[in-house]
2 protein chains.
Amino acid sequence: MTRPRQTSKVTLRDVAARAGVSISTASLVFSGRGPVADATAARVRTAATDLGYAGPDPLASSLRQGRAGAVAVIVEERLRDAFRDPFALAVLDGLAQELDAMGTSMLLVADPGGDGANPVAGHAVDAAVFPLCGRTDSPLVDHLLARGIPIVGSGAPVHDAVGHVVVDEHGASAAATRHLLDLGHRRLAHVSMPLGRARPTHRVDAAELSGSVHPDARDRARGFVDTAPAGSPLVETERPDVAQGEAAGRLLLDVAAHERPTGIVAQSDLLAAGVIRAAEALGLRVPQDLSVTGFDAVDLPWLDRTLTTIEQPGEAKGRLLGELTRRRLAGEPATSEPFPVSLRVGDTTAPPP
Amino acid sequence: MTRPRQTSKVTLRDVAARAGVSISTASLVFSGRGPVADATAARVRTAATDLGYAGPDPLASSLRQGRAGAVAVIVEERLRDAFRDPFALAVLDGLAQELDAMGTSMLLVADPGGDGANPVAGHAVDAAVFPLCGRTDSPLVDHLLARGIPIVGSGAPVHDAVGHVVVDEHGASAAATRHLLDLGHRRLAHVSMPLGRARPTHRVDAAELSGSVHPDARDRARGFVDTAPAGSPLVETERPDVAQGEAAGRLLLDVAAHERPTGIVAQSDLLAAGVIRAAEALGLRVPQDLSVTGFDAVDLPWLDRTLTTIEQPGEAKGRLLGELTRRRLAGEPATSEPFPVSLRVGDTTAPPP
DNA sequence: GACGGGCGTCGAATCGATTCGATAGTCTGT
DNA sequence: ACAGACTATCGAATCGATTCGACGCCCGTC
């Protein structure tokens, strides 16, 4: 039995030599492209097995063929923050399914934000996806465009050459707000995801929205502002998680009863869950004393209620992003696809007390 | 002003030609390796800017230098399942930090399990990491070994050539069990993560543990079995999440009071949270009527208790995996590093009623 | 004025495959 | 028996960089 030589790397040349054929023929055997006699193919494959050849070097293959076989998936600075929300996971999962079916894999890249070394500069990718609505102004975009790499996003970054999955954030948020108005609520409040640089959870003025670099948060906030009674309070959270939702809830609810909102529109289900926790801690019952709406309709098994929320199937959204990526790779121009969402009424909203 | 030519790709050759230097000199400018006169370097950089050259092609560069600049991070079949647990996210985050510092990026690969196309076959990576204790028998391992790609793992896959971060699962689980015994508990039960192919949450016999392909779940179960009174019941969950933890809890607790366990050792915090939910739904108070322990010490803001659990800092574990990867890439042989964990007593355990 | 030593630049080989056009050999039809 | 079509194989160019050894030039020294 022949020992595979572990010392130096086995290349197609070695395999071809051992099988007594030319390199080109050996290549045809592995790519399965050209016509090769069965006997020859068998000989090549035997030689490959004997030498411990694990298939063509992906680098060399990619270089020649001009495709890297991977796309960059760009998430926020820290992975744990990016994936803390079950919605983000669902999107990523859908995207992974679609990319997997195309035979391309995902290069996970954390966007360092402003400064710092460019994390995609040294990596070969065929396309870049911003699956979560990030900042409008990522510095990576210029680099990617310069390299001629197609970009697909979901709300951000904003650029002509970026294909988008478009959600009517404004309309959805307005629908949730109108739902509360229709139930008879008049004192409403809004809990927003971060709008700019992370700051501790605090009240914001509607006028500050124009400075936001997160279009999804901005548009949801505007949907609320444009629908709710003028002057309704807004709170911007530091992070879109349960703890900060709870902090926002305390900020809004721990006040005199006559000025306490009876309905709160939150920009995500996690924030809504936090608001509900804050309410319960203050002895308020949901929905009898306070109505709460969320956004995304994620599965929260530990929350023993059905949130009134905006149904946004994350997995399907991820698949659509994958589909847009596929089209860009096929040479089609950047287009935007609408992604419909709708209000789902659960048991966290009711007429005001 | 010169228009960058968008039509055909700009290469180093074009830049060199425009700057009036040889390709090798231009290469030296970008790699910063050799001595280049300041004036020449400036001319090359200007030419690059004019032509819209975004730096050396990563593929060509990698091929020549023999390093891909990426490592494969291999997770379970579906990303959403792999990252459902906050612990997994913490590990991944720590790993990402370390890899980021090394300038290598992460190729996220979903392990299809048994059959299916090999998802790493076509991709250039310098190493492979199995950051979550997966199956002992991944078919990817043989392929990776054949390509001579170093592998690092955390419990699985089991192979001489795989460097591991080793947690004393058995000892930690035994410590949690002993904590309950010390409190005076005599009727104990165990809730396990999946041990083999996914089956609906059900009771298992200790004898079945030897067939498990998940070493971490198996060893934790054994730690319980070897410490708890003989015959203490075991439940294997279908998935390690809150819902299945709750199902397991019902299975164990919804019985006559005299045969109901007073202490339950769960293999993860999410499972423990589910058990607590099941207990509360049955009118049992934790810890007065039932003590519950978890594993991992993850942050569960929606759980308004402090779990008694095994402290296992996920981020540090991820960083250690990154560190092992770095060493393998530096040519060091595969070694295993112990990773210490310890019992943290919270407010979910107390003497039995 | 001849000689030795840096320094900056260049030409050519190389990484490991893919692919196109050419060539030799085999078969079919009349 | 020969033209023509087809099949299997091969040689060489190519993808876009990196890198090594060589070469020319300028300077200081004896």
Side-chain angles (χ1 to χ4, degrees), chain A residues 5 8-45 47-48 51-69 121-126 146-149, chain B residues 5 8-45 47-48 51-69 121-126 146-149:
Chain A
R5 45 167 166 162
S8 70
K9 197 149 72 170
V10 182
T11 74
L12 196 52
R13 181 209 312 278
D14 304 321
V15 175
R18 184 174 230 271
V21 300
S22 73
I23 298 180
S24 22
T25 302
S27 174
L28 292 179
V29 172
F30 289 104
S31 68
R33 244 172 279 268
V36 179
D38 290 351
T40 312
R43 217 147 22 94
V44 170
R45 262 186 270 272
L51 294 173
Y53 180 70
D57 183 320
L59 276 178
S61 172
S62 290
L63 173 61
R64 185 63 239 261
Q65 297 186 130
R67 22 142 283 144
H123 297 290
V125 292
D126 297 323
R147 278 172 64 185
I149 294 173
Chain B
R5 45 168 167 162
S8 70
K9 197 150 72 170
V10 183
T11 74
L12 196 52
R13 181 210 309 279
D14 303 322
V15 175
R18 183 174 231 270
V21 300
S22 72
I23 298 180
S24 21
T25 301
S27 175
L28 292 178
V29 172
F30 289 103
S31 69
R33 244 172 279 268
V36 178
D38 290 350
T40 313
R43 214 144 27 91
V44 170
R45 262 187 269 274
L51 294 172
Y53 180 71
D57 183 321
L59 276 177
S61 172
S62 290
L63 173 61
R64 185 63 237 263
Q65 299 187 126
R67 22 143 284 143
H123 298 290
V125 293
D126 297 323
R147 279 173 62 185
I149 294 173

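Below, chain A is the first sequence line, B the second, and so on; all start at residue 1.
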Check the pair V15(A), V44(A) against side-chain contact (heavy atoms from CB on, under 4.5 Å), reporting the backbone distance first and the verdict last. CA-CA 7 Å; V15(A) 175; V44(A) 170; 4.0 Å; yes
Contact letters for nucleotides 5-10 of chain D, in which S counts primed atoms plus P, OP1 and OP2 and B counts the base, heavy atoms under 4.0 Å: ---SBB
Could you tell me whether T11(B) contacts a base, only the sugar-phosphate backbone, or nothing, with contacts defined as non-hydrogen atoms closer than 4.0 Å? sugar-phosphate
For K9(A) against D14(A), the heavy-atom pair lying closest together: O-OD2, 3.6 Å
OG1 of T40(B) to CZ of R45(B), rounded to nearest 0.5 Å, is 10.5 Å
To the closest 0.5 Å, what do you measure between OG (S61(A)) and CZ (R67(A))? 7.0 Å
First-last contacting nucleotides on DNA chain C - partner chain A, under 4.0 angstrom, heavy atom: dG16(C) to dT19(C)
Distance (rounded to the nearest 0.5 Å) between S62(A) OG and D57(B) CG: 10.0 Å
Can you tell me how far the CZ atom of R64(B) sits from the CG atom of L63(A), to the nearest 0.5 Å? 12.5 Å
Which heavy atom of R43(A) sits nearest to which heavy atom of A19(A), and what is that distance? NH1-O, 2.6 Å
In this structure, CD1 of I23(B) is separated from CG of L28(B) (nearest 0.5 Å) by 12.0 Å
